[in-house]
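Down below is the structure, laid out as structure tokens.
Numbering of residues begins at 1 and proceeds along the displayed sequence.
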Amino acid sequence: QVQLVETGGGLVQAGDSLRLSCAASGRTFSTSAMGWFRQAPGQEREFVGVISGIGSMTYYSSSVRGRFTISRDNAKSTVYLQMNALKPEDTAAYYCAQPTWSWMTISAMQSGEYYDYWGQGTQVTVSS
């Protein structure tokens, strides 16, 4: 059974940086892509980005591209979301998610239905 635990959320000011971590248990971590999603109150869940199983490929939503970076340390079974130049509109609960595949089509990777395991989320609040 896979368990995902996100940490690193908090309250920051616009323009600040924050790094989220997602620690995974389970033997399939190094062969699985890892995705990050976010959900603001009253809004639908939004895809943030994804990294391939070995970390050689990443893809980001247009709203965070150039500001956010996903990386992973397979030895530690941990994936990271480095968030720079934060904006108030980045305020949301952030979730990591693990599928059973290493890479898929862009459209599929942006859909939460293709991910099998989810963390409990960590709140990020950006004040203006």
Side-chain angles (χ1 to χ4, degrees):
Q1 184 69 13
V2 172
Q3 290 188 324
L4 305 174
V5 179
E6 303 98 333
T7 56
L11 172 63
V12 297
Q13 293 186 333
D16 286 350
S17 297
L18 203 60
R19 189 178 81 157
L20 306 183
S21 299
C22 172
S25 65
R27 294 178 292 177
T28 61
F29 179 81
S30 62
T31 59
S32 300
M34 292 295 295
W36 284 96
F37 291 77
R38 66 187 182 185
Q39 188 168 21
Q43 297 188 19
E44 293 186 354
R45 183 174 58 197
E46 177 189 12
F47 169 80
V48 174
V50 62
I51 188 168
S52 63
I54 60 173
S56 60
M57 294 183 290
T58 54
Y59 181 78
Y60 302 94
S61 70
S62 58
S63 61
V64 307
R65 192 173 298 135
R67 299 188 298 122
F68 291 11
T69 302
I70 299 174
S71 61
R72 65 189 298 161
D73 184 339
N74 284 347
K76 297 181 178 179
S77 295
T78 301
V79 62
Y80 305 98
L81 178 64
Q82 177 67 45
M83 303 183 293
N84 298 330
L86 282 161
K87 305 175 182 179
E89 51 263 44
D90 294 319
T91 294
Y94 283 72
Y95 300 87
C96 64
Q98 182 177 336
T100 58
W101 39 263
S102 180
W103 198 250
M104 284 186 73
T105 63
I106 297 299
S107 61
M109 292 189 297
Q110 296 181 78
S111 174
E113 67 180 271
Y114 288 96
Y115 293 78
D116 300 275
Y117 306 100
W118 294 81
Q120 83 289 347
T122 185
Q123 179 67 34
V124 173
T125 303
V126 185
S127 64
S128 58

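Counting heavy atoms from C-beta on, the side chains of Tyr59 and Arg65 come closer than 4.5 Å. Under the 4.5 Å side-chain criterion, counting only non-hydrogen atoms from C-beta, Tyr94 is in contact with Leu81. Contact of the Leu86 side chain with the Leu18 side chain is registered, since non-hydrogen atoms from C-beta on lie closer than 4.5 Å.
Between Ile51 and Thr58, the closest heavy-atom pair is CG1-CG2, 3.7 Å. Nearest heavy-atom pair across Pro99 and Ser32 is O-OG, 3.3 Å. The shortest non-hydrogen separation linking Ser102 to Ala33 is O-CB, 3.3 Å. Closest non-hydrogen pair, Met34 versus Cys22, comes out as CE-SG, 4.1 Å. Residues Val2 and Thr28 come closest through the heavy atom pair CG2-OG1, 4.1 Å. What you find for Ala85 and Ser17 is that their closest heavy atoms are N-OG, 4.3 Å.
Summarising the geometry, atom CD belonging to Gln3 is positioned 13.0 Å from atom OG belonging to Ser77; distances are rounded to the nearest 0.5 Å. In this structure, Leu4 CG and Tyr117 OH are separated by 9.5 Å, a value rounded to the nearest 0.5 Å. Here Arg45 contributes atom CZ and Glu113 contributes atom CD; the two are 9.0 Å apart, rounded to the nearest 0.5 Å.
The ring of Phe47 has its center closer than 6.0 angstrom to the ring center of Phe37. Aromatic rings from Trp101 and Tyr115 are positioned such that their centres are separated by under 6.0 Å.
Residue pairs that meet the salt bridge (Lys or Arg N to Asp or Glu O under 4.0 Å) test with at least one member in residues 68-92, sequence neighbours left out, are Arg38-Asp90, Arg67-Asp90.
Side-chain heavy atoms closer than 4.5 Å link hydrophobic residues (I, L, V, M, F, W, Y) into clusters, and following such links, even through other members, never connects Trp36 to Tyr80. Residue Val50 is not grouped with residue Tyr60 when hydrophobic side chains (ILVMFWY) are merged at heavy-atom distances under 4.5 angstrom, including chains of intermediate members. Linking Ile, Leu, Val, Met, Phe, Trp and Tyr residues whenever their side-chain heavy atoms come within less than 4.5 Å leaves Phe29 and Trp103 in two separate clusters. Val64 and Met109 fall into different hydrophobic clusters, defined by Ile, Leu, Val, Met, Phe, Trp and Tyr side-chain heavy atoms under 4.5 Å apart, directly or through other members. In the hydrophobic clustering of ILVMFWY residues, with side-chain heavy atoms under 4.5 Å counting as a link, Leu11 and Val126 come out apart.
A 6.0 Å sphere centred on OH of Tyr114 holds no more than 12 heavy atoms belonging to other residues, nucleotides or ligands. Annotation for Gln120: atom CD counts as buried by contact number, over 12 foreign heavy atoms lying within 6.0 Å.
Relative ring orientation between Trp118 and Tyr95 is described as perpendicular, the plane-to-plane angle rising above 60° on a 0-90° scale split at 30° and 60°.
Under the 3.5 Å distance criterion, the side-chain polar atoms of Thr125 are left unmatched by any main-chain donor or acceptor of Thr91. Distance alone, capped at 3.5 Å, places no donor-acceptor pair between the Gln123 side chain and the Gly9 backbone. In terms of modelled atom types and a separation under 3.5 Å, the side chain of Glu6 and the main chain of Thr122 share no donor-acceptor contact.
Applying the 4.5 Å side-chain rule to ILVMFWY residues, one finds that Ile54 remains a lone member of its cluster.
Taking the side chain to side chain donor-acceptor pair (under 3.5 Å) definition, one finds that Ser61 meets it with Ser63, sequence neighbours left out.
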